Amino acid sequence: QLQLQESGPGLVRPSETLSLTCSVSGGSISSNAYYWGWIRQPPGKGLEWLGSIYYSGSTYYSPSLKSRVTISVDTSKNQVSLELSSVTATDTAVYYCARHGGFEVVDSIVILFSTWFDPWGQGTLVTVSS
Amino acid sequence: QSVLTQPPSVSAAPGQKVTISCSGSSSNIGSNYVSWYQQLPGTAPKLLIYDNNKRPSGIPDRFSGSKSGTSVTLGITELQTGDEADFYCGTWDSSLNAVVFGGGTKLTVL
């Protein structure tokens, strides 16, 4: 059974960089046709997608956060990482990682034909405060 | 302001049926598959419907999805108190080149 677990500091100072790791167990992060995504949820608010990465390193980023977000993958550790720079209080949220499905591999090219996230990690609350 | 529009709340009695709408545009719902998520209080979202109307293994057939043009609808029959949750729709937006979600709908089972 595939499981995802987020980890990282629960408190980050304003203007610093938020760093989180998602550890995947029960399956390989190098699975064909799956990306691995980061989604966040500010307290009491809705879901916001940050970006997704393939095991090869290919990425999609949210246009609104692209200048501050970096997602990387470590296949040897079966982990995906998130960095969000220059954080402010508005970046306070529960951060989730999730397997991003809906892709097909055609002639060695990964093509998005649908979008869904399953399963999700339990999430980790990151508070930005001095 | 979310790209996809959902009603903030819906309610119905136990045993009844409820529908939750999600509307978008030609660049998202109109040209891409939609997924739905259920978020029980204090837990992570859970995939309920994918590819507009498919249910993952383990999701009861009380949950259904449909699509018409630039809108999709989640239907839940035989409501139970345990169904009380927030529900989100999501899809790919081909103009933004991004995953977009609705603002969420809180279901109350009276």
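The sequence lines fix the lettering, A, B, ..., with proteins before strands; numbering per chain opens at 1. Only heavy atoms go into these numbers, but all of them, side chains included; no hydrogens, no water, no symmetry mates. Predicted model, so just to flag it, every value in this text is computed and none were measured.
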#### Entry: Residue A/Leu50 versus chain B: region with a heavy atom under 4.5 Å
neither
### Message
Are there over 12 heavy-atom neighbours, none belonging to B/Lys67, within less than 6.0 Å of that residue's NZ?
### Response
yes
### Query
Same cluster or not: are A/Val69 and A/Tyr96 linked, directly or through other Ile, Leu, Val, Met, Phe, Trp or Tyr residues, by side-chain heavy atoms under 4.5 angstrom apart?
no
### Query
Under a 4.5 Å side-chain heavy-atom rule over Ile, Leu, Val, Met, Phe, Trp and Tyr, are A/Tyr95 and A/Ile39 clustered together?
no
#### Entry: ILVMFWY network linking A/Leu18 to A/Leu4, side-chain heavy atoms under 4.5 angstrom
yes
### Query
Are B/Tyr50 and A/Phe103 joined in one hydrophobic group, where the rule is that I, L, V, M, F, W and Y side chains link up if heavy atoms are under 4.5 Å apart?
yes
### Query
To the nearest 0.5 Å, how far apart are CH2 in A/Trp49 and CZ in B/Phe101?
9.5 Å
### Message
Let me check something: do A/Trp38 and A/Trp36 share a hydrophobic cluster, defined by ILVMFWY side-chain heavy atoms less than 4.5 Å apart, either directly or through other members?
### Response
yes
### Message
Heavy-atom pairs under 4.5 Å with chain B: which of A/Gly121, A/Gly37, A/Gly46 has the most?
### Response
A/Gly46
### Message
Let's go through B/Tyr88 and A/Gln41 carefully: what are the C-alpha distance in whole Å and the side-chain angles of both, what is the deciding distance for side chain to side chain contact (heavy atoms under 4.5 Å, CB included) to 0.1 Å, and is it a yes or a no?
### Response
CA-CA 12 Å; B/Tyr88 295 90; A/Gln41 184 174 36; 3.1 Å; yes
### Task
Examine distances only and state if a side-chain atom of A/Thr115 and a backbone atom of B/Ser35 form a donor-acceptor pair shorter than 3.5 Å.
no
### Task
Working to the nearest 0.5 Å, report the span between OG of A/Ser114 and CG of B/Asn52.
7.5 Å
### Contact class of A/Phe113 relative to chain B, heavy atoms under 4.5 angstrom
both
### Query
Quick one: what part of A/Phe117 sits under 4.5 Å from any heavy atom of chain B, side chain, backbone, both or neither?
both
### Query
Taking every heavy-atom pair that is under 4.5 Å apart, which of B/Gly103, B/Ser2, B/Pro45 has the most such pairs with chain A?
B/Pro45
### Task
Report the C-alpha separation of A/Trp116 and B/Asp51 in whole Å, then their side-chain angles, then the decisive distance to 0.1 Å, and conclude whether the side chain to side chain contact (heavy atoms under 4.5 Å, CB included) test is met.
CA-CA 8 Å; A/Trp116 46 265; B/Asp51 291 359; 4.2 Å; yes
### Message
Please classify the contact of B/Thr43 with chain A as side chain, backbone, both or neither, using a heavy-atom distance under 4.5 Å.
### Response
backbone
